J.: 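Mind having a look at this structure? Questions to follow.
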Amino acid sequence: MASLVSSPFTLPNAKTDQLSSLSRKQYFLHSFLPKKTSNLGSKSSLKVKCAMGNGLFTQTTQEVRRIVPENKQGLPTVKIVYVVLEAQYQSSLTAAVQSLNAGNRYASFQVVGYLVEELRDADTYKMFCQDLEDANIFIGSLIFVEELAVKVKEAVEKQRDRMDAVLVFPSMPEVMRLNKLGSFSMSQLGQSKSPFFQLFKRKKQSAGFADSMLKLVRTLPKVLKYLPSDKAQDARLYILSLQFWLGGSPDNLQNFVKMISGSYVPALKGEKIPYSDPVLFLDTGIWHPLAPCMYDDVKEYLNWYGTRKDANEKLKSPNAPVVGLILQRSHIVTGDESHYVAVIMELEARGAKVIPIFAGGLDFSGPVERFLIDPVTKKPFIHSAISLTGFALVGGPARQDHPRAVEALMKLDVPYIVALPLVFQTTEEWLNSTLGLHPIQVALQVALPELDGGMEPIVFAGRDPRTGKSHALHKRVEQLCIRAIRWGELKRKAKAEKKVAITVFSFPPDKGNVGTAAYLNVFASIFSVLQELKRDGYNVENLPETSEALIEDVIHDKEAQFSSPNLNVAYKMGVREYQSLTPYATALEENWGKPPGNLNSDGENLLVYGKQYGNVFIGVQPTFGYEGDPMRLLFSKSASPHHGFAAYYSFVEKIFQADAVLHFGTHGSLEFMPGKQVGMSDACFPDSLIGNIPNVYYYAANNPSEATIAKRRSYANTISYLTPPAENAGLYKGLKQLSELISSYQSLKDTGRGSQIVSSIISTAKQCNLDKDIDLPEEGVEISAKERDLVVGKVYSKIMEIESRLLPCGLHVIGEPPTAMEAVATLVNIAALDRPEEGISSLPSILAQTAGRDIEDIYRSSDKGILKDVELLRQITDTSRGAIYAFVERTTNSKGQVVDVADKLSSILGFGINEPWVQYLSNTKFYRADREKLRTLFVFLAECLKLIVADNEIGSLKQALEGKYVEPGPGGDPIRNPKVLPTGKNIHALDPQSIPTTAAMQSAKIVVERLIERQKIDNGGKYPETVALVLWGTDNIKTYGESLAQVLWMVGVLPVADAFGRVNRVEIVPLEELGRPRIDVVVNCSGVFRDLFINQMNLLDRAVKMVAELDEPVEQNFVRKHALEQAETLGIGVREAATRIFSNASGSYSSNINLAVENSSWNDEKQLQDMYLSRKSFAFDSDAPGVGMAENRKVFEMALSTAEATFQNLDSSEISLTDVSHYFDSDPTNLVQSLRKDGKKPSAYIADTTTANAQVRTLSETVRLDARTKLLNPKWYEGMLSSGYEGVREIEKRLTNTVGWSATSGQVDNWVYEEANTTFIQDKEMLERLMKTNPNSFRKLVQTFLEANGRGYWDTAEENIEKLKELYQEVEDKIEGVDR
């Protein structure tokens, strides 16, 4: 071992000690300075290639890695073919083979190498198969992409028996099984008992796999040497091969080629070719390009660092910032390390010390703990850490172990940045790509590190197309290093000196909207955060007494004489100053003309709105700027930020000089500005805007998809906040009356009064407009007792649905967790889901079993309106609530706070004290419920309760501002996935390749079958030929891909997972098994879904095209039917005609219909439909995935014109159709009608999987349900108004979104507007409250009523309109401060 430790790191062909330290430095420096001459040549030739291109991500080919020597001596030829994931072996292997050939002994070595990614190209793959036909040796390494692994396996398998040796180093099991070295093989991989194979079994400690493999590699050759059999010798040579390969230097690879050729190529067997043993480098250690050797002791390394001759005093000072770097050992040993050297040099040039550590396996958690943490004080040696590997900390491209990684990083407790070298593309290809990074690299090197809490996926290194070597991208390296040092500064700087810029949003731009954020009471939250920071030692001066006063401070211009329409101006920036502070200002002129422009400006200066309190600045982020301009909204690609937007961020970074910016709430516009989707360059706007400021971002826990966009495009450390506690909607007014009538009917139905009560029920139901949802008989018509029961059952079922709907009540304030009692409704809903994977039965199903029934049956028959089952379901629901209420009551103290749940529970469980839920049930008809199942469920609920009331939202913010590590956690729906709690975590999404899961597929089948059934009923028994649907990012994260799975099931295919559980393939379900025709789809992916799940778009496109090419009768395959018709009409091939997966252009989001509706900047519905077509008609093509999103409007329109139904999913109780504008923004119902030849309106459906009882409703039913439970429900609007200023805005937003639905679908009933007018305008007291609390939002509310009437969506009495017009004038005067 000793020899390993001190093995010096030598330079190829130069004795280190003979180089002076200066020339040594030169040697390292020239290795990363771009070579001027050669680059130009390659650049221009590449340009041409990209333009023609094969439509894939990379246009490089194997020819740059092919060596064919002139064999003048007629030596035997040995041909080697290799396939690798990354190109770092290319230069090393090329050098090895060239020096072997220069010696002209033994043999003439030919070699050709392929990067896995290149095998996607059909011609390259053909060439690969040809190369294998006369190959002697095949080498493969790190082949972890399933679809490509399958290609490699198929090609190599055909030649395996003929070849002399097949060597595969860590890869997917099916490729590993190809190994063959004499008698050594791995064909039994995964079945055999030997220690070698046990390694490949699925393991809990996933990444330990690589480590145990390395240990084995160290010890086995010594053991095997003494075993006589050939088999043992072959196994020994395999292990030596692996050592040579992991050693990676040209010397090691040269000996490796000699050993394998001499031992296994028949023509060389007699030659006895001598080879040296592998030169072993440390498996883990510390490496610095100027150090004399690798170190495996951090103290020794730091001693050397302190004595460096080339370093200045500043760098050696104990006060210098220290940055830890995590490197991949293979880059160091193969000599492909110039990009690492560049980062080290840049950091040192900026005065930061570096500790660069590496590991040979795939587990970096050990080295992080060993080299970066002081063993004595347990404190980190460093202030921030950058991983330059791009991989997850534990497990690399194979299986990850995130809990192990998080554990190590929590100990380290510094900001953790994961930067990326380009792997699958050359620099040029990445720069030209609108997508940015290759999707597989996004999955492996962006999504997976995020699960460890990694931030800031900055591309810092490119790849040379000829040599395959990595080179630094200097501008990106500079930004990466400055940002890492700035994050580290947060650890070093005193709190009293730190400056924080809190940024709030105002959307749509109006004074009544300052501080918009989903579910959040923004100003009350800022107020509580500032009070806490002040207590903690931050310099917060002149903070007003209340949060209301804080609002006034920010939204009123103090210099104005009376209440002004303007916000408070914090800074006026002259044009000259703006241009000197904003290097990219000229790039904005194309869209916005010369500065200052007319947004955020007074005509001379650019204005920054906000207010400063000591070292804290509260600023208002400007908006997109084009929301009021109908012409700009029609552009298919979004405009750049305007000058005012850029000036805001220049002010924050360079004039206020913020140490960190805190974006407050979900969500702003910064991360949605144009640029590459992931892996931005310095020409991308989000990158330019955020500059070098550390970004902390409060994001709603239930919105992981947009939070992920903020992480990737604005480099945010996202911190989750809770959505408000949910309550049941309850009943009010006529609905409450109905419920009372139904109970009297149940007790009196057999007396003479039954029919009389039923007619009251019918007339009250009609007054409540329930006749739109239920077929009610005419009043006064005699009906039989059985029919009476059915009518009452249906009305009962409908009002129970309204009553039990969950609503978030009010708005959340950061740092105020719900009380235990507020958590009851959430717990009831958590308890309503079966969790088979955890062995937990739902409470309703346990209670149903007691009554000898299956809960699913009860749901179905209650939906049909069978009275006794509606009643049974109501009893089950009430009993669930009661039992959980009793349990929560027992675990809280008199103040309503949760006492330590675990202690309470153990005393309840341990001493046979009667369990509260059992006590409660003993007085109901369910007293015989299964005790064991109940106990399992309530132990789980106790855990959930503890998480719901935990509070770490301000705690995590303080950690982030102190430069500590914020623990990562999944975002999503706390009801489906309680692991989302407690909030205050750095939100991440999921591994994009892990969806859809098997469970999601099961749920999807049920919903699709219900949708088809429903459509057949509404459509004379005919199957729908085409369904147009929408895929959302957040929904697919929350449900693990349910809506994605719905699309697959409609066309009749199933996803197939590989050995690592990743889904990259589909298989066809035969028609006889499907039992129905394949239904055509038009899939519109949100911009966020496109950014997060481009792999899955690829999968969907492959699936649809596969189905279109099946040889099946067209009446059984509507995909094929339409594709053939469209191919003929447009004169294109069937595959292109079967394009069905659409979204926005890369870097653009939404159809802009939402902006047009929110800002009333549209003339007629046709204009909205044009926006949709122009912005949403970009298609993804799996045959040319590298092209990204390409406009294909013809096919889009033709496909939509066949749609007979439109469809969306609702998946969580917090967000429904009128809560956000996204849903109507993506709704194509009226558009399809205008495109259809027969002008028929398609049916519009919404699947609702927010409860255990999944429903498919029509769009108009869902809009009515929404209006009844939210906008018109006193419980909801009083809850909102309790938040004051923000609450009025929430009410106005719901009404505006309702108008949006009228505009895109025409599915809103007149009574909805009429009732809203009665509730908010006719009620004098309510009207005054709204006007007083937030006059700006109230003005918008009145304007929206007038607009609904003017556009023909609301027909009402003339006096209502007159009253609204007078009100508008009155509130206008009030705002302008005019006294009439």
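Predicted, not measured: the structure shown is a model, and the values here were computed from it.
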J.: When you check the gap from the basic side-chain N to the acidic O, do Arg1257 and Glu801 get nearer than 4.0 Å?
T.: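 Yes, charged N to carboxylate O under 4.0 Å.
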J.: For residues Thr1251 and Asn1253, is any side-chain donor paired with an opposing acceptor at under 3.5 Å?
T.: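 Side chains of Thr1251 and Asn1253: no pair found under 3.5 Å.
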J.: Just verifying a value: how many Å separate Gln1208 CD and Leu1210 CG, rounded to the nearest 0.5 Å?
T.: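 Going from CD on Gln1208 over to CG on Leu1210, the span is 8.0 Å.
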J.: Ring centres under 6.0 Å, that's the criterion: do Trp1032 and Tyr1223 meet it?
T.: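 Between Tyr1223 and Trp1032, which both carry aromatic rings, the centre distance is below 6.0 Å.
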J.: How about Arg976 and Thr1249: does a side-chain donor come under 3.5 Å of a side-chain acceptor?
T.: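 Short answer, yes.
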J.: The criterion is salt bridge (Lys or Arg N to Asp or Glu O under 4.0 Å); which residues satisfy it with Glu1315, sequence neighbours excluded?
T.: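 Testing Glu1315 for salt bridge (Lys or Arg N to Asp or Glu O under 4.0 Å), a comparison that skips the adjacent residues, returns none.
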J.: How about Ser845 and Ser842: does a side-chain donor come under 3.5 Å of a side-chain acceptor?
T.: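 Note: Ser845 and Ser842 side chains meet the donor-acceptor criterion.
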J.: Under a 3.5 Å cutoff, is there a donor and acceptor pairing between the side chains of Tyr697 and Glu671?
T.: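 Present: a donor and an acceptor within the cut-off.
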J.: Report the residues that fulfil salt bridge (Lys or Arg N to Asp or Glu O under 4.0 Å) with Lys711, sequence neighbours left out, ordered by chain and then residue number.
T.: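 Checked Lys711 against salt bridge (Lys or Arg N to Asp or Glu O under 4.0 Å); zero matches.
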J.: Looking only at side-chain N and O atoms, does Thr1218 offer a donor or acceptor that is under 3.5 Å from a partner on Asn1297?
T.: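 No, Thr1218 and Asn1297 have no side-chain donor paired with an acceptor closer than 3.5 Å.
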J.: Got a second to check how far Asp834's CG is from Glu856's CD, nearest 0.5 Å?
T.: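 These two atoms lie 8.5 Å from each other.
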J.: Ignoring hydrogens and angles, tell me if any N or O in the side chain of Ser1216 forms a donor-acceptor pair with the backbone of Asp1219 under 3.5 Å.
T.: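 Not a single qualifying donor-acceptor pair exists.
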J.: Consider only side-chain N and O atoms of Arg1294 and Tyr1277, and report whether a donor and an acceptor are under 3.5 Å apart.
T.: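 Result is no, nothing qualifies.
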J.: Output side-chain donor-acceptor pairs under 3.5 Å for residues 822-832, partner residues at least two apart or in another chain, one line each.
T.:
residue : atom : partner : partner atom : Å
Glu822  : OE1  : Thr819  : N            : 2.9
Asn829  : ND2  : Ala825  : O            : 3.0

J.: Going by distance alone, is a donor N or O of one side chain under 3.5 Å from an acceptor N or O of the other, for Gln849 and Asp930?
T.: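 Per modelled atom types, Gln849 and Asp930 side chains form no pair under 3.5 Å.
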J.: Would Asn1334 and Ser1337 count as having a side-chain donor-acceptor pair, cut-off 3.5 Å?
T.: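 Asn1334 vs Ser1337: donor-acceptor pair found between side chains.
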J.: Does Arg860 pair with Asp869 as a salt bridge, N-O distance under 4.0 Å?
T.: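 Result for this pair is no, no salt bridge flagged.
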J.: Do Asp1248 and Thr1262 touch side chain to side chain, with heavy atoms closer than 4.5 Å?
T.: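 No - every pair of side-chain heavy atoms lies 4.5 Å or more apart.
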J.: Does any donor atom in the side chain of Thr723 or Asn702 lie under 3.5 Å from an acceptor atom in the other side chain?
T.: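 The answer is no; no qualifying pair exists.
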J.: I'd like to know if Glu871 pairs up with Arg874 as an ion pair, taking the criterion as any Lys NZ or Arg NE/NH1/NH2 lying under 4.0 Å from an Asp or Glu carboxylate oxygen.
T.: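 Salt bridge between Glu871 and Arg874, a charged N being under 4.0 Å from a carboxylate O: yes.
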J.: Of Val939, Leu941, Leu937, which meets side-chain contact (heavy atoms from CB on, under 4.5 Å) against Ile840?
T.: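 Among Val939, Leu941, Leu937, the one meeting side-chain contact (heavy atoms from CB on, under 4.5 Å) with Ile840 is Leu937.
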J.: Minimum heavy-atom separation for Ile1037 and Gly971, please, with both atom names.
T.: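 Nearest heavy atoms, Ile1037 then Gly971: CG2-O, 4.2 Å.
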J.: Report the residues that fulfil side-chain hydrogen bond (donor to acceptor under 3.5 Å, both in side chains) with Asp1035, sequence neighbours left out, ordered by chain and then residue number.
T.: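 Asp1035 satisfies side-chain hydrogen bond (donor to acceptor under 3.5 Å, both in side chains) with no other residue.
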J.: Is there side-chain contact between Pro974 and Ile948, with heavy atoms separated by less than 4.5 Å?
T.: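 Not touching, per the 4.5 Å side-chain cut-off.
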J.: Val813 and Ser525: which non-hydrogen atoms are nearest, and at how many Å?
T.: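 Result for this residue pair: CA-OG, 3.5 Å.
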J.: Which heavy atom of Ser956 sits nearest to which heavy atom of Val966, and what is that distance?
T.: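 Minimum heavy-atom separation between Ser956 and Val966: O-CG2, 3.9 Å.
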J.: For a 4.5 angstrom cut-off between non-hydrogen side-chain atoms, does Phe1207 reach Val1030?
T.: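 They are not in contact (no side-chain heavy atoms under 4.5 Å apart), so the answer is no.
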J.: Are there more than 12 heavy atoms of other residues, nucleotides or ligands under 6.0 Å from atom OH of Tyr885?
T.: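 Not more than 12 within 6.0 Å, no.
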J.: Could you tell me the separation between the OH atom of Tyr1285 and the OG atom of Ser547, rounded to the nearest 0.5 Å?
T.: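 With rounding to 0.5 Å, OH (Tyr1285) is 12.0 Å from OG (Ser547).
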J.: State, to 0.1 Å, how close Ala989 and Pro704 come at their nearest heavy-atom pair, and which atoms those are.
T.: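 Between these two residues, the closest heavy atoms are CA-CB, 4.4 Å.
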J.: When you compare the side chain of Asn977 with that of Lys1038, does any pair of heavy atoms fall below 4.5 Å?
T.: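 Not touching, per the 4.5 Å side-chain cut-off.
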J.: With rounding to the nearest 0.5 angstrom, report the NZ to CG distance, Lys798 to Leu738.
T.: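 The CG atom of Leu738 is 13.0 Å from NZ of Lys798, to the nearest 0.5 Å.
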J.: Determine, step by step, whether Glu1290 and Lys1293 satisfy the salt bridge (charged side-chain N to carboxylate O under 4.0 Å, His left out) criterion, reporting the C-alpha distance in whole Å, the side-chain angles of both residues, the deciding distance to 0.1 Å, and the verdict.
T.: CA-CA 5 Å; Glu1290 293 292 325; Lys1293 196 167 94 183; 3.6 Å; yes
J.: If only atom types and distance count, is the side chain of Asp878 paired as donor or acceptor with the main-chain N or O of Gln875 below 3.5 Å?
T.: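 Looks like no, no N/O pair under 3.5 Å.
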J.: Using the ring of each side chain (for Trp, its six-membered ring), is Phe887 parallel, tilted or perpendicular to Trp917, with breaks at 30° and 60°?
T.: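 Rings of Phe887 and Trp917: perpendicular, over 60°.
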J.: Any side-chain donor-acceptor pair under 3.5 Å between Asp1211 and Thr1039?
T.: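 Checked: Asp1211/Thr1039 side chains show no N/O donor-acceptor pair below 3.5 Å.
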J.: State whether a side-chain donor-acceptor pair under 3.5 Å links Thr983 with Glu953.
T.: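 Judged by distance alone, the side chains do pair up.
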J.: Can a side-chain donor-acceptor contact be found between Thr936 and Glu932 if the only test is distance below 3.5 angstrom?
T.: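 Not at all, the side chains of Glu932 and Thr936 share no donor-acceptor pair under 3.5 Å.
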J.: Who pairs with Asn521 by side-chain hydrogen bond (donor to acceptor under 3.5 Å, both in side chains), at least two apart in sequence or on another chain?
T.: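 side-chain hydrogen bond (donor to acceptor under 3.5 Å, both in side chains) check on Asn521 returns nothing, list empty.
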J.: Closest approach of Gly1033 and Phe1089, non-hydrogen atoms and distance?
T.: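 Heavy-atom minimum between the residues: N-CB, 3.8 Å.
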J.: Just by distance, with hydrogens left out, do Thr1269 and Asn1273 show a side-chain donor and acceptor under 3.5 Å apart?
T.: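 Per modelled atom types, Thr1269 and Asn1273 side chains form no pair under 3.5 Å.
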J.: Roughly how far, to the nearest 0.5 Å, is the OG1 atom of Thr718 from the OH atom of Tyr699?
T.: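 Tyr699 atom OH to Thr718 atom OG1 measures 9.0 Å (nearest 0.5 Å).
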J.: From Ser720 OG over to Ile987 CD1, what is the distance, rounded to the nearest 0.5 angstrom?
T.: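 That separation rounds to 5.0 Å.
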J.: Is there a donor-acceptor contact under 3.5 Å from the side chain of Glu1286 to the main chain of Val522?
T.: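 It does hold such a pair.
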J.: Looking at every non-hydrogen atom in both residues, tell me the closest pair between Pro817 and Asp951 and how far apart they are.
T.: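 Here Pro817 and Asp951 meet closest at CG-CB, 3.6 Å.
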J.: Does either side chain, that of Asn703 or that of Glu706, offer a donor lying less than 3.5 Å from an acceptor on the other one?
T.: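 Judged by distance alone, the side chains do pair up.
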J.: Are any side-chain N or O atoms of Glu1261 and backbone N or O atoms of Thr1258, one a donor and one an acceptor, separated by less than 3.5 Å?
T.: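 Here the side-chain-to-backbone pair exists.
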J.: Between side-chain atoms of residues 724-736 and protein atoms elsewhere (two or more places apart, or another chain), which donor-acceptor pairs fall under 3.5 Å?
T.:
residue : atom : partner : partner atom : Å
Asn728  : ND2  : Ser804  : O            : 3.1
Tyr732  : OH   : Arg1268 : O            : 2.6
Tyr732  : OH   : Leu1272 : O            : 3.4

J.: Answer yes if the side chains of Asn1209 and Gln1046 hold a donor-acceptor pair under 3.5 Å, and no otherwise.
T.: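 Gln1046 and Asn1209 do have a side-chain donor-acceptor pair below 3.5 Å.
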J.: Report yes if some heavy atom in the side chain of Tyr698 is under 4.5 Å from a heavy atom in the side chain of Val529; otherwise report no.
T.: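 Yes, their side chains come closer than 4.5 Å.
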